[in-house]
Amino acid sequence: MKIMIAYPAIKGKGSPMLTQNRQFQWMSLGSYIFPLVMASAATLLHRQGHDVIWYDGIAEHLSQDHFFHKIANEKPELIVLETKTPVVKLHWALIDRIKLLNPEIRVVLVGDHVTALPAESLHKSRVDFVLTGGDYDFSLKGLVDALRGKSSLPSGVYYRENGNIKNTGKFSLKADLNALPFIDRELTKAHLYFEKWKKREPFRYTMAGRDCQWGRCTFCSWTNLYPSFRVRRVESLLDEIEMLVGEYGVKEIFDDTGNFPAGEWLKKFCNGLIERGLDKEILFSCNMRFDFLANRPELTDLMKRAGFRKMKSGLESANQKTLDRINKNVRVEQIVEGCRLASEAGLDIQLTVMVGYPWETRDDARRTLDLARSLMARGYAEMLQATVVVPYPGTALFRDAVKNRWIRFEPVDSWERYDMTEPALKTVDMGPEEVMRLCSRIYKSFITPRFVMRQVLGIRTMEDLKYVMRGSRAVIGHILDFARIRS
Ligand code: SF4
């Protein structure tokens, strides 16, 4: 079967940050994160003998007209699109245009929005199948097998039959991640994707697990895709890294598991990197909760020796009542301690914070700003990322927001307004403009003379210089993203 896995250009308020992302944002400066699970789907289908086209019009800066020409030329039988709440209406329009062009093409939607509201897209567009759950690779293979008459539909599929919407029940996440082939980096054009903070090239992504051991934060849209956690064997990830280094000369890796495995798994992984000599070949970064590191100095030292460079972690708020309400299951002191240990071991820490919680006052939000500033000033964190809280459908926060009338607009028909160009939630004593300004101020807050001096003194090589320049452009882009409400 000829299958196109596509991220077509969509017109909006900037470059859509759609792939592999737990939040959506229109960016002033495009950000192209490797969609690991879709890439795994492309690889699996290709291995099954299907003709797979990987098409990313966003990362390749191709127009929507180019996408439709491509469809007309290639004539795929199946097109798969990943969507998120703020752009789901744009995808419905796109699907209807595909069907107008060729009604024979079958279109599939995946993603956290359609997992939360699977029937909606079948009502609102001519999409043929909605696959729920986050195992796009296994579920797409199951769907394709069923379309070829080799099996029945897998669980978690929504479809139409005689004008009625049917489904095959709750999706399953029982498949073994170790059974998947390594992602085909050429088929999926892995060179297009990178983090703005990369230091070395070639830069590539891996994914050790799906998706987070905790998986219960009330705002996190991916808890809905992966309600349970699975992790690959340590050897499987080490083998993949060895392959990336050996075959592609990769020098830096970011593992985009929602929360990198900790404990004995992490120890074994670090020792494996050292034993295989990979600590000398690559810089390795990941997402990690700092409570996993608090009181474990031996772990942060081992990570540094194994080639770890950076860890991204959610501080979210400096107010314990907020951390408790969003079910983060962490104490402010643990975050500070985790940051201290990691930074003292020589690891770079990137913190993410959020503003615009419906129960937080201006003073609460300022407390977060102050803590973030002080962590930066003490050198416990290297970078800060600020976003506005968005209650995505399928999350506990969305349910609470609807129940308590926290959403600033009509909750269900205004999906395009969950795009972070304005706050979606009312706050106690701040207007929407003030929330956006605060977000922008958090970005500006770490650009102190001391911070600038540290960056300048840290420049030793051309790579360092490029990193500082790329980082500066990214920060300016983020400041612009939140400078005002965009329409
Ligand atoms: S710790 Fe991070 S990845 Fe895990 S549920 Fe919370 S926000 Fe999501």
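All ligand and atom numbering here is 1-based and tracks the order in the structure.
Close contacts between ligand 1 and Phe219 involve ligand atoms 7 (S) [criterion: under 4.0 Å to a heavy atom].
In this view, Phe260 and Trp265, Phe269, Phe284 satisfy the ring pair (Phe, Tyr, Trp, His ring centres under 6.0 Å) rule, not counting sequence neighbours. Applying the ring pair (Phe, Tyr, Trp, His ring centres under 6.0 Å) rule to Tyr158 yields no partners; only residues at least two apart in sequence or on another chain are considered.
Residue, atom and distance of the protein heavy atom nearest to atom 2 (Fe) of ligand 1 are Lys328 NZ, 3.9 Å.
Remark: Lys141 is not positioned above the aromatic ring of Phe138, lacking an NZ or CZ atom under 6.0 angstrom from the ring centre and at most 45 degrees off the axis. At least one cation-pi condition fails for Lys251 and Phe203: the charged atom is not both under 6.0 angstrom from the six-membered ring centre and inside a 45 degree cone around its axis.
The 12-atom threshold is exceeded at NZ of Lys426, counting heavy atoms of other residues, nucleotides or ligands nearer than 6.0 Å.
For residues 342-353, the pairs satisfying side chain to side chain donor-acceptor pair (under 3.5 Å) are Lys310-Gln350, Arg340-Glu344, Gln350-Gln385, with sequence neighbours left out.
The pair Glu410-Arg417 does not meet the salt-bridge criterion, since no charged nitrogen lies less than 4.0 angstrom from a carboxylate oxygen.
For atom 4 (Fe) of ligand 1, the count of nearby protein N, O or S atoms, meaning those under 2.8 Å away, is 1.
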